[in-house]
Amino acid sequence: MNDLTAYAIRRIFQSVFIVLAVTILLFAIMHMMPGDPIQLIDSPRLDEATTAKLRARWGLDKPPVVQYLYWLLNVLKGDLGRSITNGQSVSVLLAARLPATLHITLTALLLQYLVAVPLGLMAGYHQGSVFDRLAVSVTSVLRAIPYFWLGILLIIVFAVSFRLLPVSGYRGFQSLILPVLTLTLPALADTLRLTRSEVLEVLREKHVTTAVAKGLRPQMVLLRHVLRNALVPVTVMFFLSVPWLIGGSVIVETIFAWPGTGRLLWKAISAQDYPVVQGIILLITLLTVISTTIGDILTGLLDPRIRAELGGRVA
Amino acid sequence: MRKVLMGLVVVLVGIGGLVTLAPASEIVIATPEEIEGTDIQQIEWENIVHSLVTVPMIRFNRDMSAVKPFMVSDWSLSADGKTMKLTIPQGLTFSSGNPLTAEAIKASFDRYLKISPYATDLEALDKITTEGNVLVMHWKAPPVPALVSLASSYGGLVDVKTAAKITAEEFNRRVVGYGPMVVDEWVQGSHIALKRNPNFKSTFPEAGNQGPSLVDKITVRFIPDDFTRVTEIQSGNVDIIWRVPLENVADLEADDDIVLHSYLQAGCVMFYVNPEAPNLTDVRVRRALQKGVNRQELVAVLANNAQVRHGIMSASMAGFSQKYEDMFAKEYGYDFKAASALLDQAGWKDTNGDGIRDKAGQKLTITAMIGTDYPSSKKTAPVIQAQYKKLGVELKLREFEGKYIKQAVRDKKFDLGARRYQWADGDMLTYLFHTDSKNYAFADIDQLVNQGRYELDPAKRAEIYGQAQALVMEKGLAIPLVTNVNYVAVRKNIAGFALAADGQPFVTDLKKK
C-alpha cells in the first residue's frame, strides 16, 4: 500500500466520524428550536387532538435521541425518510430539485473559473497595467453588489427593457442565463484576485527567474512554471466550493423562481421539516468530505512538495 | 452601449434557440406558494390548483349569501338540519374514467374522515348513506361550519379506487379527481401543468360555462418573489398573479393591460393579548391598549388597502354582525383621553417625565411579536408603536415568523402577539379563543362558541358570535386592527375570471380572449 492510498483510507475513516458529528449537531440544533414541525403548521383550523395525532404519526412524540437513531438506521438502509410537511420521500424531493440546482451552480462555477483564472493570470503577469487595474476594479465593484440587487437589475435590463430573456422560470437554456450571471459576476472577484496574487508570488520564485534567464519564451514560463504553481490554491478553493453546489442559492433561486435545493432547504428549515433538512445537509457533508479529500490528492499531484508532505504524514 | 448589450443578448439567445411561446389556449397563473400536494385530503393548505382539479359538490355563490349546487344537480337540508341530500347527475366520471357515483363520493368522504387533518370539520357527521344516485349525509347536529368546508376546495372529490392502487405519495403528486382540469405534470418547485378535462360538467347556476374548460392548458407557476411575480404579469408572460404586493397595487391599477380584482380578507389582523403578562394583568391596561390604537392611521399606512376592524370578524364571514361591529367601534374605537384615563386609574403614571408611564419603579413596557410573514403587520407596527408612545406606553417590536408567534401564544410566552387569519365562517372563533385552541381558557366564551357552531338560523348565529366577540373584547384578550383588502391581478386578455366575496376563485368561465 503506497502512502497516498493509506492516506485516502485514513481520510475515509475520519469522514465517517465527521459525518456522524455533523448530523448529531444538526439534529440537536433543530430540536433546540421552539415548537416542532406539526405545531408550526400555521393553519387556523388544526385542533390540538389532530396535532397530537400527527405528532405521533411522525414519531415526534418520542425523545430526540430515539428519533435520531431511527433516522440513522433508516439512512443506513438507504431511506432518507419523508418530508413532514408534504409526506413526500426526501430522496424524491432531492432528485426533483438537484438537477435544477446543479444546472445553475455548476454552470456558474465553471464559468467563474474559466473567466477568472485566465484574467487573474494576465492581471498578475501584467501587474500595474491598465488591464490589471481595470480587471481588479471591475470585479471588486461586482463583488460589492448584493445578489438580489444584481438579479433585479439583470431582469430589468434583459427581460423587461430588451425583452430578450425570460424574467424567471426553469424552461431551457435561456432561463439559465440570468441566474447564472447573477451567481457568477460577484464571485469572479474572489477567484481573479486569488489567481492574481498567487501569480505575483510565483513570479518572484527563483525557478521562474531561472526559467526566464535560460531564455524560455514568456508564454512557456507563464504556462509551465507560473500557472501550474499558482493553480494549487485555486484548485483547493474550487473543490471547497463543490459541496455548496447542491446547497444552491436561496436568493437567486427565489428571484428567478428556480426550483432548486436552496429554496427547498430554506423552506424546510423554516418549517422544521427535520428529514428534509437532515437529508440535504447529509448530502452536503458527504460532498464536503469527498471533495476536500479529492482536492488534497489533486493538489498533491500538482505540487510534488505537497505530495511529499502527505507521504511524510502517513509515514 | 445599448447596441453592445443587444448584440450580447442576441448571441446568447441564438445559442439557446427560439423563445418558447405558450399556446393560445394556455393560461399561466402565478402564486407565491408552492402546493404541498395535489390531493386536497392529504394537505393543510389549498390554492388555485385544487379549485381546478378537485371541485366540491356545492359552493357558495359569489356574494356568499347562499350555497348552490356546483356539480350535483340538486341539494337540500332538512328543516332540523340533520339530513343533507345531494343528487349526483348520471354519467359523470373521474378523470381516470372511473364512474363518479354517489357510492364513489361516499368513499371519497370516508377517506377524508380517515386521513384529512381537517376531518374534525365534519365532526357532526353521523354517517353517509346512498339511495341510488342520491348521497345522504346524516348529521348529529346541523352542519353549519361543515357547510363552509364542504363548499370549499377541502370538499373536493377524489377517486378512491385509483388512490387505492398507488401509494399515498404518488396520489398526492398526481391526484385523480373531478374538476375542469387534470394534473398533467408537476415540476417540483417550478410549476404544475394542468390539461383540460373533456368530461367535466358543472351545475353552478352562476357559471356562464357549465361544460368543460374553455382553455386547453393552465400552468400554475410558483413564484415566491414579489418583484418577479409582478414583473412577469407586466411583461405579459403570466396572465394572473395571486397576492399582489401592496406597494404594487397603484402601479398595476394604472396599467392599461391589467385589471385588479379585490376581496376583503375573511378575517382580520389583530394582536392576541396575554392577560397573564406582568404589565397586562390589569384589564384596564388591556382596555387602554384597545382604545389607544388609531386604526384609521393604520389604514392610511396601508395605502387604504384595508378596513378598520374593531371586532374579530369581518363582513365577508358567515356569522358576521354589523350591529356588533358598530358597538365595538363605539366601545373600543380610538379614544386617546379614555385610554389615558384608564392607565391613570390602573396606577400607571409618568413620574419621572421620561414620557413612559411607570408604577412601583416598573416602566410600562410591552413587547409585541410581529410576523415577518405578515406584510401588513410589519407596516403598521411602527405606527402603533408611535401611537402607544404618545399614550406613555413603550412598545418594543420583535419580529418572528407567524408560526413561532402562534406557538408562543399557546405557551403564554408573549405580551402582544400578531395574528392574521382567513376563514369564511364565524366558527373560526373556536380556533382562536376556545379552550381547545390552547390560546385561552374561558368557559363563558367556550359556551357561546359551541352554541354558534350548530345554530342554523343566520340571525341567531350572528348574535351568538357577536356576544362571543363581546366577551373577548371585554376581557381584553385581543386588539383587532384591520381587515386587509387582497388583490389578484389579471391581464385584460383573460375573460371569465371571478372571485367570491371571500377570495375563492371561480374558474369555469376562464378563457383567453
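Below, chain A is the first sequence line, B the second, and so on; all start at residue 1. Source: prediction; values computed, not measured.
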Under 4.0 Å between a Lys/Arg side-chain N and an Asp/Glu carboxylate O for B/Arg173 and B/Glu169?
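A salt bridge links B/Arg173 with B/Glu169.
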With a 4.5 Å cut-off on heavy-atom pairs, point out which of [options] contacts chain B the most.
options: A/Ile156, A/Leu93, A/Val92, A/Ile152; result: A/Ile152
options: A/Gly87, A/Gly172, A/Ser89, A/Gly169; result: A/Ser89
options: A/Val160, A/Leu264, A/Leu176, A/Thr254; result: A/Thr254

So, do A/Arg143 and A/Thr139 sit near enough that their side-chain heavy atoms are less than 4.5 Å apart?
no
So, B/Glu232 side chain and A/Ser168 main chain: donor-acceptor pair closer than 3.5 Å or not?
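The answer is yes, because a donor-acceptor pair under 3.5 Å joins these two groups.
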Just by modelled atom types, is the B/Thr31 backbone N or O under 3.5 Å from a matching donor or acceptor in the B/Arg221 side chain?
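Side chain of B/Arg221 to backbone of B/Thr31, a donor-acceptor pair under 3.5 Å: no, none is there.
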Whether B/Tyr154 and B/Tyr118 hold their rings parallel, tilted or perpendicular, with breakpoints at 30° and 60°:
perpendicular
Using 30° and 60° as the class limits, which term best fits the ring planes of B/Phe433 and B/Tyr440: parallel, tilted or perpendicular?
parallel
Counting only non-hydrogen atoms closer than 4.5 Å, does [X] touch chain A with its backbone (N, CA, C, O), its side chain (CB onward), both, or neither?
X: B/Gln188; result: both
X: B/Glu170; result: neither
X: B/Ile223; result: both

Whatever's closer than 4.5 Å to a heavy atom in chain B on A/Ile155 counts as side chain
Residue part contacting chain B, namely of A/Ser83, when any heavy atom lies under 4.5 Å:
neither
